[in-house]
Amino acid sequence: MSRTLTYREALNDALREELDRDQRVLLLGEDIGAFDGAFRVTKGLLADYGEERVRDTPSAPGTIVGMGVGAAIVGLRPVVELMTITAALRALDQIAVSAAQARFQSGGQLSVPLVLRAPQGGGHQLGPTHSHSLEAMLLAIPGLLVATPSTPADAKGLLKSAIRSDDPVFVIEHESLYGTKGEIPEGEHLVPFGEAVVRRPGRDLTILGISRGALTALDAADVLEREHGVSAEVVDPRTLRPLDLPTILESVKRTNRLLIVEEGWPQGGVGATIAALVLEQAFDFLDGPVLRVAGAEAPVGYSRVLERAAQASSREVAQAALTALGR
Amino acid sequence: MSRTLTYREALNDALREELDRDQRVLLLGEDIGAFDGAFRVTKGLLADYGEERVRDTPSAPGTIVGMGVGAAIVGLRPVVELMTITAALRALDQIAVSAAQARFQSGGQLSVPLVLRAPQGGGHQLGPTHSHSLEAMLLAIPGLLVATPSTPADAKGLLKSAIRSDDPVFVIEHESLYGTKGEIPEGEHLVPFGEAVVRRPGRDLTILGISRGALTALDAADVLEREHGVSAEVVDPRTLRPLDLPTILESVKRTNRLLIVEEGWPQGGVGATIAALVLEQAFDFLDGPVLRVAGAEAPVGYSRVLERAAQASSREVAQAALTALGR
Amino acid sequence: MQLLRRFDERAGELYGAGQIGGFLHLAIGEEAAIVGATRALEDRDWLLTTFRAHAHALARGSEPARVMAELFGRVGGLCHGRAGAMHLTDVERRFLGGFGMVGGHLPIAAGAALASTYQGRAEVTMAILGDGASGNGVFGESLGLAAKWNLPVVLVIVRALGGYATEGDAAAASADLQRQVEGLGVKALTCNGMDVVDTQAVCADAVRIARTERRPVLVQAPTLRAPTPSPTAPRAAGDREQIAAWKARDPLALFGDRLVEVGLVESADRARLQMQVGAVIEQAVSFAGRSPHPEPEALYEHVLAPGGSGEAWRGFDLRGTSRRAEAGPHPREASK
Amino acid sequence: MQLLRRFDERAGELYGAGQIGGFLHLAIGEEAAIVGATRALEDRDWLLTTFRAHAHALARGSEPARVMAELFGRVGGLCHGRAGAMHLTDVERRFLGGFGMVGGHLPIAAGAALASTYQGRAEVTMAILGDGASGNGVFGESLGLAAKWNLPVVLVIVRALGGYATEGDAAAASADLQRQVEGLGVKALTCNGMDVVDTQAVCADAVRIARTERRPVLVQAPTLRAPTPSPTAPRAAGDREQIAAWKARDPLALFGDRLVEVGLVESADRARLQMQVGAVIEQAVSFAGRSPHPEPEALYEHVLAPGGSGEAWRGFDLRGTSRRAEAGPHPREASK
Ligand SMILES: Cc1ncc(C[n+]2csc(CCOP(=O)(O)OP(=O)(O)O)c2C)c(N)n1
Ligand SMILES: Cc1ncc(C[n+]2csc(CCOP(=O)(O)OP(=O)(O)O)c2C)c(N)n1
Ligand SMILES: [Mg+2]
Ligand SMILES: [Mg+2]
């Protein structure tokens, strides 16, 4: 049995279930209450759970995250929404130091079961300050778990697992996926961290897609099959820390070729990291270089044309795959 | 003709020369005046240039950087010192958005000739909040130039070039290098951005060292020569954006092996980025995987032992080199 | 004001029609505050504002056609389609833009004032912000340092009730906020943000104080924004009463009526003005519609300074092998 | 106070001797403020402080031996050598630590108070800070939200003159700062930070108000820190006059004399107390010296929660191939 929900509804579902299950869970964020959240993810939660548990905050990212850290240390399980991932840049000291290092600094005395949520990426011309993709910066931080759900089912299952995690977690949502629909298993649906999924089996090469990149990879795989008779395997890591490297390596050792699709900036990116890891651990299995199709080395422009130019398109991914195959 | 100066003195020299040369240059930062700067880099500048040009600020990183951006846009060439690179995490929205995107967002109407300076890295047991190495996070940001001087001469030459750049630049100094001595050419000494230097020629493999990693690589090269008869070429990129990829590729195409040494976190790191770039562009020249010796996937502990364990040591680099050579 | 109003109404329609994308924050109801504040500035002064930038650009005198073209994301836009409504910039008019991050422009405004002062020019920098931005720490940090360094900055808080986002007690000027900033050594004034004459007078006073006394001044301008559900559905909505309540305070109607009352304007002139404005806007729309879309490659322009050493970088792998631009000049050449 | 003083003096020596590393921010001169403030708390209350953390840990009752061992970076330290003086934590005493980033602990304190209130416990959270931290935006952000949400937080600003870092007008309590926070709806008090009795009384009052009225309270405690050049050369320095001036206000001397005057303590007892304290500190030093250094591998402990799915990550490439730990369990197993 399953239901069809949007990514947005799936997240709302996850929050409701965890709010029902665990009194320690409470939500903090700008306009998450009366306004239902900038992207309507917290729709109806203020009415149903009250202002003790669903708290509207001012636009002060550092302080909101810091309060989440303090509340988590003293026994709660706060879920903090930031209106845009760019706001996380203002709170990065609280994220990278207070949240991610408290356990370490205290020699294990403190625990920070905090969840941060924010939308990233482009798609609706939000322009240079509301279209960043920052998974790589967050992945860099030891002590911080990072999830990048690309489907409604994963959005629900990963957010629920995140809320139950004793480590701080950043759940990176994608601004242009909120409206996408998908099947959600009935009842308790948890997606464990560190478990990649093969979205489409294939023989000729592996395409690894991060966040929305997983969907771009699937589209590209269709094009490759239809127009070029190429069989591409599509892998979605789903969480970046922990990263399910074994599943990625298994796939690469079969197909001997890897292409990584991400929307973030190419330098210091997730693609570069995984390319380096695979290179180090499966060099002898690689028939060619690991290729990356990343976001542009530029801010995301407002115009539809410039926004698209800043993102990885399925056409480009298909083209890169053919390059990888020496075609 | 040349003089011997410490890294700290070389930076002070660069600031003085540019303050003398260009009235538009002024300095902002916490305790850079009366206190001579937390690491004494701005020693004597308040006395010699006055409080109009050497300005002590409160501990408000975001606002200090933002003021630097505004002052740069309206015609000055501010040099902002942050006491520790970790403070940059509090100002990252001003760095990545205001400073690095203003030119783009305005369609080229605005220019931000701003220099940011901060010490990073470990060495004196400053503990988990004052020992970060964040060059990778800064490298990720398009529109921001990044310099990582490892010698007094480069510290001076790169800082002077940075102050004359029309792009915002982050000059990443290393906390444990301030006291190191080196020869500085007399007179005007500018080091251009995007020009790597081969610190030591070699045949058997290339070791690329970032920031202090370049010195660690040199020590490792000595060990390799002395104890194993291995001839390692040591390359110091000096600037990460722009990156002198041609020089790196030339070297790798000769030695066919690459090892990268950095102090930052391994995931989303500079090493991973360069490994991916080299893999993409010189795959057929590689006799083995590009190896990385990075900082630990952990915060930097306070204890001397834990601090050392978090950093790349020359022994480990030498060991990794032997691994790369299949020895 | 007429211009801002009709422009916003038209933009709202075009947003609905998909001609304009992203977030479009309308300023219907804020016209008196915006026009009054910006009219208090001289040409040599600098202006910064929030994501609600297109209205401020118009008020500062930017060409409606180039503003509309920017909203269309076209080459003819002030920022060639890079900025959209939230990040509009027009440096010729010393309008430093449109800032998407709430409060992010406040330290930049202080820095601009520092540059003017440092260079011995008696320019004032004005930053317009919403009440929400005063909840962010940069507000106090920037004002505090501006006071300490005697910087001529004028912050105008448009306290808008109605519409998107955490409102605080936006309805009226806040006595608490006044105490806070006075504690920082900042002069605080209040005006009626629904009355363009009063707003202009008070802001002119603020600008004078900032310019002559070299100190930051805060002006609180309470306004009532037309009921708008959100920046993604910007056309005026809300129930009958809300709209009626707002109409009763509509700053344009009030100002217009007053001009007629005191005999400064004939109702006939008023009608003519409206027609002229309508014509200007239609010209702007057609200019925007005719302006070409940018080329995809344009994305890489203006990322780094032309001729700067950074440009060499462009030659090397901008987005992974498959996207690599043609290898440019060796950095060694480029950085010379 | 004796304990803090002798501990700091000894730590300063050991720092000079290279037994203690990093930055060591001494609290000589702040003893009355620190002891007075912390004595105002009950055991159930929470305490957070700055990088000047070892003195606060001692005041909160942490074992001197385990504090000294932490300064030595040994396994016997409260944080097993990970924290050093700046990040000391002792959760058993509800001392949440030592925060290296100026002001970084203020929102965390507000969050702790939120958790207590949410869970229906009448605990108060106290955060001690320096005057410098009040210049950062998180100060106002945290107090503002604490006031809005009725959170029982007490912030004690030790306005220390002398020593490292931007002082502001640290000498005296700031009337401006009082206006600022009152504008945020915060109750503001002042005490004599050189007088432990007065500090204790005022802070107890602040704690009572926070606990019963459920609101944030700010206490300004002006102090005179012993002349110390910097945290990297922490032993008291400064010229003769400075030192003499400071000695004349030494909070320990004053309090001790007073106790003797009012006959509460015989000078003999005073001498005995000093001897006892001296003995405790020597025991602490020898415990620290005997405690082993951590193993290098310990670096990877406490990075992520034990048994959490994150641990699986440890199996894969922690720092590049050459450093790779033995491949751990497959995440699929670990995350079950
Ligand atoms: C740092 C940051 N967080 C969140 C947002 C999303 N956001 C866009 S508009 C807005 C409301 C701001 O309210 P206010 O400052 O009062 O301006 P108004 O909308 O009233 O003009 C917010 C929070 C943002 N732009 N920047
Ligand atoms: C965000 C940040 N910037 C800079 C520093 C470096 N720093 C260490 S101590 C200190 C001085 C802080 O002064 P104050 O808050 O008054 O504390 P005091 O030293 O007076 O106790 C600074 C700036 C830091 N720890 N954190
Ligand atoms: Mg508002
Ligand atoms: Mg101080």
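Predicted model, so just to flag it, every value in this text is computed and none were measured. Within every chain, numbering begins at 1; the chains are lettered A, B, ... in the order of the sequence lines, protein sequences first and strands thereafter.
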Most heavy-atom pairs under 4.5 Å with chain C, out of B:Gln101, B:Arg53, B:Arg55, belong to B:Arg55
What part of B:Ser106 gets within 4.5 angstrom of chain C, counting heavy atoms only: side chain, backbone, both, or neither? both
Below 6.0 angstrom between ring centroids: does that apply to B:Phe104 and C:His302? no
Considering only NZ, NE, NH1 and NH2 on the basic side and carboxylate oxygens on the acidic side, decide whether B:Glu233 and B:Arg254 come within less than 4.0 Å. yes
Taking the side chain as everything from C-beta on, heavy atoms only, tell me whether C:Thr50 gets closer than 4.5 Å to C:His105. yes
Mind listing the closest non-hydrogen atom pair of B:Val270 and B:Glu262 along with its distance? N-OE1, 3.1 Å
Side-chain donor-acceptor pair present, C:Asp131, C:Ser134, cut-off under 3.5 Å: no
Interface moiety of B:Gln94 toward chain C, non-hydrogen atoms closer than 4.5 Å: side chain
What parts of residues 56-67 of chain C touch chain B if we use heavy atoms and a cut-off under 4.5 Å? none
Given heavy-atom pairs under 4.5 angstrom as the criterion, report whether the side chain, backbone, both or neither of B:Leu28 touches chain C. side chain
Taking side chain as everything from C-beta outward and backbone as N, CA, C, O, which of these in C:Glu141 sits under 4.5 Å from a heavy atom of chain B? Side chain, backbone, both or neither. both
Please answer whether the main-chain N or O of C:Gly81 pairs with a side-chain N or O of C:Glu70 as donor and acceptor at a distance below 3.5 Å. yes
Given C:Leu41, C:Val124, C:Thr125, the one that forms side-chain contact (heavy atoms from CB on, under 4.5 Å) with C:Trp46: C:Thr125
Residues 107-117 of chain C side chain polar contacts: donor-acceptor under 3.5 Å, at least two apart:
{"residue": "C:Ser116", "atom": "OG", "partner": "C:Ala112", "partner atom": "O", "Å": "3.3"}
{"residue": "C:Ser116", "atom": "OG", "partner": "C:Glu123", "partner atom": "OE1", "Å": "2.5"}
{"residue": "C:Thr117", "atom": "OG1", "partner": "C:Ala113", "partner atom": "O", "Å": "2.8"}

Within-4.5 Å side-chain heavy-atom neighbours: B:Ile73 and B:Ser111: no
Could you check whether B:Ser251 and B:Thr206, counting side-chain N and O atoms only, form a donor-acceptor pair closer than 3.5 Å? yes
Those residues at least two apart in sequence (or on a different chain) that pass side-chain hydrogen bond (donor to acceptor under 3.5 Å, both in side chains) with B:Arg90 are A:Asp93
Part of residues 95-102 of chain C lying next to chain B, heavy-atom separation under 4.5 Å: C:Leu96, C:Gly98
Select one option (side chain, backbone, both, neither) describing which atoms of B:Gln23 are under 4.5 Å from chain C's heavy atoms. both
Among side-chain atoms of B:Ser150 and B:Asp236, is any donor-acceptor pair under 3.5 angstrom? yes
